[in-house]
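Since we're looking at a predicted model, the values are computed, not measured.
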Amino acid sequence: MSNINPCPADASRSATATPRPFRVYTQRDLDRIGAIRHLPADRRFAMKVVSSVLPFRVNEYVIENLIDWDDVPDDPIFQLTFPQPDMLTPSDFSRVADLLRRRASDSELNAEVARIRAALNPHPAGQLELNVPRLPNGDVVNGIQHKYRETVLFFPSQGQTCHAYCTFCFRWAQFVGDRDLRIATNEAGKLHSYLRAQKCVTDLLITGGDPMVMKTKHLAAYLEPLLHPEFDHIRTIRIGTKALSFWPYRFAADADSDALLALLERLVSAGKHVAVMAHFNHWRELDTAICEQAVKRLRDAGAHLRSQGPVLAHINDLPEVWAILWRRQVQLGIAPYYAFVERDTGAHGYFKLPLMRAWEIYREAVQQVSGLARTARGPSMSTGPGKVEVQGVADVAGERVFVLRFLQGRNPDWVNRPFFARFDAEATWLDDLEPAFGERRFFFEEEYENRWLGAAA
Ligand SMILES: *Cc1c(COP(=O)(O)O)cnc(C)c1O
Ligand code: SF4
């Protein structure tokens with residue numbers, strides 16, 4: 001931007017960037033994406049096969065500004081957004097490939113695709129059964145999850161998509177069109193009734209998909225009423241988003257960007273803590289002028305930025321990538337918050353890393369940065385009982401163990417109690433682990449089964 005502002009004192013916000021039309025491509029448009037035309041035909045066919053099963057969506061900003069096409073297929077942002085042949089098992093892949101090659105009927109293809117999807121653990125960690133709350137009158141509140149005492153998750157129906165899709169998405173099932181798998185609501189009234197009655201809730205976390213795909217006026221319908229004194233107990237409004245990575249124009253150049261920042265500013269002035277929980281997977285996502293500008297505008301509006309994202313094979317499985325990411329985030333004013341273990345769903349087989357490796361990456365990254373960039377906790381597994389952090393590997397009295405702790409627990413009393421699992425070099429999730437020191441069960445298991453799993457059955 002070369003505009004020289006004649007009156008800088010008047011510039012209450014940094015200059016708005018040039019608007020950019022939002023052009024998006026899905027499975028049907030694969031052949032229209034110029035950038036992939038030069039890729040080998042078998043790779044393009046593989047994209048069709050994989051995107052018949054897993055959601056695919058990418059936009060022109062990601063294609064033109066984030067992917068280094070000279071480095072494809074290894075480019076991390078290409079891996080993050082474009083379907084790769086090994087994201088399905090060889091047998092699933094060849095079945096879908098055969099159906100496409102012989103132009104099978106829609107019903108035949110759909111049946112096979114539905115079977116494969118159902119086997120990819122579409123709702124990990126009991127998301128649907130265990131966390132859906134009820135109003136005092138007994139009505140089920142769709143679109144809300146209330147798992148940890150302080151924090152309510154809300155899934156607004158207009159926000160159940162993203163500006164592009166991550167190939168590892170843990171919420172992929174919501175995007176593939178099966179109504180049964182959606183956990184959204186458009187009823188602001190139900191959200192507000194629920195929050196009004198829940199005085200121990202301090203944090204509302206608006207999530208998706210990506211709530212930042214919503215028009216500002218929709219977001220305002222959910223958020224403005226929280227300024228009323230009956231919601232004084234809601235101290236923090238968190239917005240989970242990947243728009244800083246996939247569409248930073250949302251904050252700097254869209255038609256209602258200014259209205260969005262003004263909305264956040266009103267919440268901040270009224271005393272709410274507004275937290276943008278930014279999903280990042282690689283420092284390259286931060287590396288554009290428009291992303292920097294978006295971060296600056298959010299900070300100028302008084303929002304706090306925190307970052308989170310999973311550790312993934314093919315995308316960010318080197319300590320240096322995390323070290324650079326965290327350093328740049330701190331520089332820009334984004335506090336690293338969580339590093340996750342990739343959940344066992346969708347293309348998990350492609351992205352998974354042994355817990356041991358995820359911990360090594362985390363530890364070696366932390367060692368390379370200053371204390372201000374060491375604020376990300378992890379690697380953390382979002383499991384049914386809670387968020388379980390791998391604190392490390394230790395040798396205790398001749399036994400090699402994982403040292404674990406809850407960062408969040410269904411029972412708050414579980415949090416921060418160290419517990420121990422037998423070391424297993426291949427384990428990728430809590431389910432793979434056994435208690436150490438000859439114990440039969442982990443300390444929380446019986447209570448979890450009785451109070452939560454039993455109650456849902
Ligand atoms: C992570 C998470 C939260 C928020 O936990 P914090 O530790 O407060 O960030 C809330 N609900 C669910 C279901 C979560 O997975
Ligand atoms: S931004 Fe989040 S919800 Fe959207 S595709 Fe990526 S992981 Fe899924």
With a 4.0 Å cut-off, would you call [X] and [Y] a salt bridge?
{"X": "Arg284", "Y": "Asp68", "value": "no"}
{"X": "Arg357", "Y": "Glu360", "value": "yes"}
{"X": "Glu389", "Y": "Arg405", "value": "yes"}
{"X": "Lys242", "Y": "Glu285", "value": "yes"}
{"X": "Lys352", "Y": "Asp344", "value": "no"}
{"X": "Arg422", "Y": "Glu434", "value": "no"}
{"X": "Arg238", "Y": "Asp203", "value": "yes"}

Taking the six-membered ring of Trp414, is NZ or CZ of Arg410 closer than 6.0 Å to its centre and within 45° of its axis? no
Are there more than 12 heavy atoms of other residues, nucleotides or ligands under 6.0 Å from atom CD of Glu364? yes
Parallel, tilted or perpendicular: ring planes of Phe419 versus Phe442, cut at 30 and 60 degrees: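 Perpendicular.
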Parallel, tilted or perpendicular for Tyr350 and His314, by the 30°/60° rule?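 Ring orientation of Tyr350 relative to His314: parallel.
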Student check: side-chain heavy atoms of [X] and [Y] closer than 4.5 Å:
{"X": "Val341", "Y": "Val311", "result": "no"}
{"X": "Arg440", "Y": "Pro435", "result": "no"}
{"X": "Phe423", "Y": "Val401", "result": "no"}
{"X": "Arg451", "Y": "Asn411", "result": "yes"}
{"X": "Lys387", "Y": "Phe340", "result": "yes"}
{"X": "Pro76", "Y": "Asn316", "result": "no"}
{"X": "Ile239", "Y": "Leu264", "result": "yes"}
{"X": "Pro248", "Y": "Gln293", "result": "no"}

For the side chain of [X] and the backbone of [Y], is there at least one donor-acceptor N/O pair under 3.5 Å apart?
{"X": "Asp254", "Y": "Ser257", "result": "no"}
{"X": "Arg299", "Y": "Leu332", "result": "yes"}
{"X": "Thr428", "Y": "Pro354", "result": "no"}
{"X": "Arg343", "Y": "Phe170", "result": "no"}
{"X": "Gln160", "Y": "Pro156", "result": "yes"}
{"X": "Arg250", "Y": "Leu244", "result": "no"}
{"X": "Thr241", "Y": "Pro211", "result": "no"}

What I want to check is whether the side chains of [X] and [Y] have a donor and an acceptor closer together than 3.5 Å.
{"X": "Thr202", "Y": "Arg149", "answer": "no"}
{"X": "Tyr222", "Y": "Gln158", "answer": "yes"}
{"X": "His163", "Y": "Tyr61", "answer": "no"}
{"X": "Asp210", "Y": "Trp247", "answer": "no"}
{"X": "Gln79", "Y": "Thr167", "answer": "no"}
{"X": "Arg171", "Y": "Thr207", "answer": "yes"}
{"X": "Gln329", "Y": "Arg306", "answer": "no"}

List the atom of [X], the atom of [Y], and the distance in Å for their closest heavy-atom pair.
{"X": "Pro385", "Y": "Phe444", "answer": "CG-CE1, 3.7 Å"}
{"X": "His304", "Y": "His273", "answer": "CD2-CE1, 3.5 Å"}
{"X": "Lys147", "Y": "Thr383", "answer": "NZ-O, 2.7 Å"}
{"X": "Phe154", "Y": "Gly143", "answer": "CD1-O, 3.3 Å"}
{"X": "Gln174", "Y": "Gly208", "answer": "NE2-O, 3.9 Å"}
{"X": "Pro85", "Y": "Arg43", "answer": "CD-NH1, 3.8 Å"}

Should Ile67 and Thr81 be marked as a side-chain contact (heavy atoms from CB on, under 4.5 Å) after you check the CA-CA gap, both sets of side-chain angles, and the distance that decides it? CA-CA 9 Å; Ile67 295 175; Thr81 50; 3.9 Å; yes
Can you measure from CG (Leu286) to CD1 (Ile324) and round to the nearest 0.5 angstrom?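 Reported to 0.5 Å precision, the distance equals 11.0 Å.
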Say you draw a straight line from CD1 of Ile116 to CZ of Phe93; how long is it, rounded to the nearest 0.5 Å? 10.5 Å
Going through the distances and angles, do Trp322 and Gln368 end up as a side-chain contact (heavy atoms from CB on, under 4.5 Å)? CA-CA 9 Å; Trp322 286 88; Gln368 294 177 39; over 6 Å; no
Might you work through the side-chain contact (heavy atoms from CB on, under 4.5 Å) test for Leu226 and His192, ending with a clear yes or no? CA-CA 8 Å; Leu226 302 178; His192 298 137; 3.8 Å; yes
